[in-house]
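Each chain gets a letter, A, B and so on, in the order the sequences are listed, and its residues count up from 1. Note: hydrogens, waters and symmetry copies are ignored here, and every other heavy atom, side chains too, is used.
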Protein chains: 2
Amino acid sequence: MNRKMPIKRTRSKQRRLSADDRRSEFVTKATELFAEEGFGGGTRALARRLGVTQPLLYRYFPSKDDLIKEVYRKVYLEPLEIGWEKLLSDRSRPLRMRLQEFYEVYTGAIFNRRWLRIYLYSGLKGLDINRWYVGMVKDKILTRILRECRHDAGLATQTRPSAAELELAWVFHGGIFYYGVRKYIYDAPVLEDKAQMISDALDIFLAGFVRMGESATDRRAASIKVVG
Amino acid sequence: MNRKMPIKRTRSKQRRLSADDRRSEFVTKATELFAEEGFGGGTRALARRLGVTQPLLYRYFPSKDDLIKEVYRKVYLEPLEIGWEKLLSDRSRPLRMRLQEFYEVYTGAIFNRRWLRIYLYSGLKGLDINRWYVGMVKDKILTRILRECRHDAGLATQTRPSAAELELAWVFHGGIFYYGVRKYIYDAPVLEDKAQMISDALDIFLAGFVRMGESATDRRAASIKVVG
DNA sequence: ATCTCTGGTGATCGCTCGATAAACTGAACC
DNA sequence: GGTTCAGTTTATCGAGCGATCACCAGAGAT
């Protein structure tokens, strides 16, 4: 509204932000840009989104790579600070309910175009941070889920999960994850009720988990027959 | 062996291929290059891999984009010509065995670094061909699996699968798919016995499918309670 | 009113990119 | 043996990239 205050210079849009504000604005807009274009997105395109010139970036970041690292930090670490791991271990609540709520919160945090695309782009780059994230999912989420499942089934919880158990959890987790990929990366039609998708996936996972201890040997023999 | 035939010119490595050979060599090496570097991989790097100069590419392809399209064709269409869809519908064999074999053959075709990376890169570009592929998986694989499951359970096979059924199949399929992503994109450790992974995933999917028709309403009510 | 400090700009460098045009070369044909 | 023609190279263009430097301008302190 009060646009003509300074009268001269139409181009002075809103320049002169504080250093901290400008810096975080760079990171925010860079996240958006890199999510769409990949990390090949240009620094000039980024500057255009901020309404500033390209060299200004180098007042705040020594190189484009440092900016990218900052984007990683913001994308990966920030959503993790909600502490949703604790949701899994609260044994005062039924396991089924804990798992349902955990996955609703977890997917609520990462199921969006920005996060998923940055995640996949960084995965394709083969960066350490991506391997770190996968390891964290395994240690903080999947093994915890398996431990709670064992506890719930009255089994020993000290022993580390077997490779087959872990794989089962991965397939379950990956199936849910792929829902987000289909929706936000492929723009493919999905079942709109995300909570129901999680609920159905949980049903078959939990049913499969209890059956695993029972008849694992039978089924393994059967599958070997198929392979040969 | 007979390398020194022309005697002069050490640098004449193997030039002068037939047009068809050179063209397909471009496509093959381009697939490798783009799988690693993404479609931003340079035409000069590609030419270097062939031991030729960069402008030669433009004798065979009007533009880099046309080369990329050719790569798509080769990557997506070629593996589909094995006709693994028929494996699913052969009712002379037990359903469980059909599914096991299908997924072993299917994953045998797409679980490799080259295919998966090209697939993800093209998915991130949001290309039509990727949407087409997802639609094909849905129509040719998942609905077929669901139809066979219904038949096997003695249910009606004419009606199209419900959205919840389809989602269940997607989560199952995606869970298996994500095994490949973890192994070949993230280079993460996975259960080495792929056949067992498929077998376990099938167990819980099949168990879940039969339970779905029975007590769907109960579970849905339970999950709603969690959400609210 | 002037000085100073700092956020921001203009111009430009060196490099790589996709693409084009012209020149070269070697095998096949007469 | 010379002609022809298709496969290949050399040279180069214009655009965009990340990055650097000298300079500008405006708010706050004096």
May I ask you to say whether A:Glu104 pairs ionically with A:Lys194, meaning some side-chain N is under 4.0 Å from a carboxylate O?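 No, no charged N to carboxylate O under 4.0 Å.
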With a 4.0 Å cut-off on heavy atoms, is A:Tyr60 in touch with a base, just the backbone sugar-phosphate, or nothing at all?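 Sugar-phosphate, backbone atoms only, no base.
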Below 30° counts as parallel, above 60° as perpendicular, anything between as tilted: where do the rings of B:Tyr60 and B:Phe26 land?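 Aromatic pair B:Tyr60/B:Phe26 classed tilted.
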Rounded distance in Å - [atom1] ([X]) to [atom2] ([N]):
| X | N | atom1 | atom2 | answer |
| --- | --- | --- | --- | --- |
| A:Leu46 | C:dG8 | CG | P | 14 Å |
| A:Glu37 | D:dC17 | CD | C1' | 14 Å |
| A:Leu56 | D:dC23 | CG | C1' | 15 Å |
| A:Leu17 | C:dT9 | CG | P | 11 Å |
| A:Leu67 | D:dA19 | CG | C1' | 14 Å |
| A:Arg23 | C:dG8 | CZ | P | 14 Å |

Can you give one letter per nucleotide of nucleotides 11-21 of chain C, going 5' to 3': B for a protein heavy atom under 4.0 Å from the base, S for sugar-phosphate only, - for none? BB----BBBBB
Hey, does B:Arg113 have a side-chain heavy atom less than 4.5 Å from the side chain of B:Glu36?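 Sidechains of B:Arg113 and B:Glu36: in contact.
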Within-4.5 Å side-chain heavy-atom neighbours: A:Leu146 and A:Leu166: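 Result yes, sub-4.5 Å side-chain heavy-atom pair found.
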Does A:Arg59 contact C:dG8 through a side-chain donor or acceptor facing the base, at a distance under 3.5 Å?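 Such a pair is found, so the answer is yes.
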Under the side chain to side chain contact (heavy atoms under 4.5 Å, CB included) rule, collect the residues that match up with [X], sequence neighbours excluded.
| X | answer |
| --- | --- |
| B:Leu168 | A:Asp200, A:Ile204, B:Phe205, B:Met212 |
| B:Leu99 | B:Leu88, B:Leu95, B:Ile145, B:Leu202, B:Leu206 |
| A:Ser18 | A:Asp20, A:Asp21 |

Taking ring pair (Phe, Tyr, Trp, His ring centres under 6.0 Å) as the definition, give me every residue that meets it alongside A:Phe39, ordered by chain and number, with sequence neighbours left out.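 For A:Phe39, the residues satisfying ring pair (Phe, Tyr, Trp, His ring centres under 6.0 Å) (neighbours in sequence not counted) are A:Phe34, A:Tyr72.
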Name of the residue among B:Lys29, B:Arg23, B:Arg22 meeting side chain to side chain donor-acceptor pair (under 3.5 Å) with B:Glu25: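 By the side chain to side chain donor-acceptor pair (under 3.5 Å) criterion, B:Glu25 pairs with just one of B:Lys29, B:Arg23, B:Arg22: B:Arg22.
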All N/O pairs under 3.5 Å across the protein-nucleotides 2-6 of chain D interface:
none

